[in-house]
A.B. asks: 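Below you will find the structure I want to go over with you.
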Amino acid sequence: MKISRFAKATSLFAVSALALSLTACSASPAPSESKPASTDGIDVYVIGGMPSDPFWGVVKSGAEAAANAVEAAGGTVTWLGPQNYDNLGPDAGKLVDSAISAGAEAIVVADWVPDAENEAIKRAVAAGIPVIHYNAGGIEQADATGALTYIGADDYVAGVAGGEAAALAGAKHILCVNTVPGSANQEARCAGVADGAAKHDATGEQLPLPSSNFGNPTAVANAIKAALTKDPTIDGVVTIGVQDADSAASAIEQAGLTGKVQLGTFDLSETQLNRIKDGTQLFAIDQQPWLQGYLAVSAAWQYAQYGILPASRPVLTGPSLVTKSNVDVVIAGVAAGVR
Amino acid sequence: MSTQVKKQSVGFGSLIRRPEFGALIGALAVYIFFAIAGGAPFMAPGGSASWLNVAAELGIIALPVALVMIAGDLDLSVGSVLAASSMTLAILSGFYGLPTWVGIIAALLVGTLIGIANGYIVTKTNLPAFVVTLATLFAVSGLTLGLTRLLVGSTAVSMTADPTTKALFGTLLDGKFSVAIFWWLGVAVLVSWILYKSIFGNWIFAIGGDVISARATGIPVAKVRIALFAASGFGAALVGVLQTCMYNGAQVANGQSFVFNSIIAVVVGGVLLTGGYGSTIGVILGTLTFAIVNQGIYYTGWNADWAALILGILLLIAVLTNNTFRRLALSGGNKKEKKN
């Protein structure tokens, strides 16, 4: 999962206070009567990130594509997202409770903060609602809550793939730029990058950037430039999101290190792909978010309606490494909003 | 308001009583701090570019915001205005392929119109600007997101500016210094002229000092406040344009850090949150202080986990210094009688 830029809006005290009061209103305790006799279809509730997050926009597109099939069978798909990421775990837990009380017949939920969310998810499972974890939490948390399965990527595995790719391309000292320090997912990614690099005699190091640079590519770019200037042995940069990758590309250019410092990133966007195509960026690690939204909603609906469930558990949607060799087909996907 | 129009005599005594002296000390102190801690890379042209580039964009927003604050209002909507204007540019010129200048004019118009809307609502309803602009902060970000997804189907839009526009708005001179620095200088000159050379400047101080007497003396209070919100929207939109040209695209989430950072820069620069007091040089110095602290930490080689802590402490010290000198500035020295 990627809470990158939004998670950093923690400085908006007033905003979070308002959002808290909003979610507090919407979160009612789970009623005992949780399954209203709906018509013939299945009402699927999806708890995901903010739709304004580019990453979650793609997940939502996947969910909407799957929703066509659900709706054709007479059901509905409802997307529930938090107002912001300041209080993500409790907010997501409340959204699960909201889904239960709204009469969900299947729930798809990202288990970002298991400590805060699992209780609510267990309430859904106890009420007999099929639950599928996706995007975050892994199969361990799905086992812990009694959910059917986990559909998503493994951040650590993805990080290892990135670290290896950078090291194999010749990088010896790789900087993992973490603009959401403290987030378990991003820490796992950076840890993976370091371990992947270590497999090929390179070292990985983390550069945590604070929330005061939230949504400001200039501040992030200049901070990365400073780190590159300060330590000339750094010859590889891996960022946790696409906007940070754009900032890092600018930083490498500003530091006059084009060609000397390799760039790679988690997640995809058109500009990443253009850089990969023209050779100024090494790779982008795709966890295929569209597939997460699509598969999770389909699986939840299919199980609730027909008892169909994929046998492989967990269902991994990534990592898929985009490099110069496969960039063209991916570019077409980004233009369509599915990658 | 009488404090603002007093003549400043030359000499050290009056120098340290100027409103921006505290801000100057603050900026110098953090620069020296990081020059020692960061060493040669921080003082090299590349290091200076780091904080100047950050300061330039923040300053373009902070200066008009300072005018709004001197007049006694607040503008929290700048974060969403930046996102809305950069999205306007990216969608028109990137997605629909219109000429870049069309997108830029539309982007600046969007920012200005949101500002006018802010000012109109504030003056018509008499609600605090804090609440109104907080509402527009939300509303505009929602509108930007909704329209972007409706029109483009994604939340990040790429745009390649034509060469002339790229040179004007999105290049790095010598591969280091952003052209935003020159835009910042331009805005600084313009804002200084408004504040010190035009009748409008006196009105701003008067409204911030005491809005009731300002109205009684015949100042068109509502028009001035609306104009100031429009200017603040324009400043945020200009930074949206600069960032979109520089980073070849826009994201709906951009800009939110400017909401508080611009207020911090203005307050560190010696503008009173209650209005009626402040100077452009002070705000420029406040912006520099913030940018130096924001970027300097990465030249120190210290564990960046502590960056936000150091940022907070240094800002607090800067404001305290500033306050001390402002008290000095407002207490005695010159013969004229003063308030406070």
A.B. asks: Taking all heavy atoms of A:Lys230 and all of B:Gly38, pick out the closest pair and write down the distance.
C.D. replies: NZ-O, 3.5 Å
A.B. asks: If you define the side chain from C-beta out and look only at heavy atoms, does anything of A:Thr218 sit under 4.5 Å from B:Met246?
C.D. replies: no
A.B. asks: Contact part of B:Ala56 toward chain A, heavy-atom cut-off under 4.5 Å: side chain, backbone, both or neither?
C.D. replies: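 No part of it gets close to chain A.
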A.B. asks: Is the side chain of B:Gln295 donor-acceptor paired with the backbone N or O of A:Ala223 at a distance under 3.5 Å, no angle test?
C.D. replies: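 At least one qualifying donor-acceptor pair exists.
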A.B. asks: With rounding to the nearest 0.5 Å, note down the distance linking OG in B:Ser141 to CE in A:Met50.
C.D. replies: 7.0 Å
A.B. asks: Output the distance between atom OH (B:Tyr298) and atom NZ (A:Lys225), rounded to the nearest 0.5 Å.
C.D. replies: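 Nearest 0.5 Å value for the OH-NZ distance: 14.0 Å.
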A.B. asks: Of the listed residues (B:Ala180, B:Ser158, B:Ala156), which shares the most heavy-atom pairs with chain A below a 4.5 Å separation?
C.D. replies: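 Of the candidates given, the most pairs with chain A belong to B:Ser158.
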A.B. asks: Is it the side chain or the backbone of A:Thr271 that comes within 4.5 Å of chain B heavy atoms, both, or neither?
C.D. replies: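 Both parts, heavy atoms under 4.5 Å.
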A.B. asks: Nearest 0.5 Å, what's the OG-CZ distance between A:Ser61 and B:Arg149?
C.D. replies: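 Answer rounded to 0.5 Å: 5.0 Å.
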A.B. asks: How far apart are the closest heavy atoms of B:Tyr299 and A:Ala226, and which atoms are they?
C.D. replies: CE1-CB, 3.2 Å
A.B. asks: Report which part of A:Ala221 has an atom under 4.5 Å of a heavy atom belonging to chain B: side chain, backbone, both, or neither.
C.D. replies: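 For A:Ala221, the side chain is the part near chain B, not the backbone.
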A.B. asks: On a heavy-atom basis, which atom in A:Ala219 and which in B:Val54 lie closest, and how many Å separate them?
C.D. replies: CA-CG2, 3.8 Å
A.B. asks: To the nearest 0.5 Å, what is the distance between CD (A:Gln254) and NZ (B:Lys176)?
C.D. replies: 9.5 Å
A.B. asks: Quick one: are B:Gln251 and A:Val242 in side-chain contact, heavy atoms under 4.5 Å?
C.D. replies: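 Sidechains of A:Val242 and B:Gln251: in contact.
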A.B. asks: How many angstroms lie between CG in B:Asn261 and CG in A:Asn216, if you round to the nearest 0.5 Å?
C.D. replies: 7.5 Å
A.B. asks: B:Pro41, B:Ala44, B:Gly46, B:Ser50: which one forms the most heavy-atom pairs within less than 4.5 Å of chain A?
C.D. replies: B:Ser50
A.B. asks: Measure distances from A:Glu205 to the heavy atoms of chain B and classify the residue's part below 4.5 Å as side chain, backbone, both or neither.
C.D. replies: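 Contact with chain B: none, neither part.
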A.B. asks: Working to the nearest 0.5 angstrom, can you tell me the gap between A:Asn222 CG and B:Glu57 CD?
C.D. replies: 8.5 Å
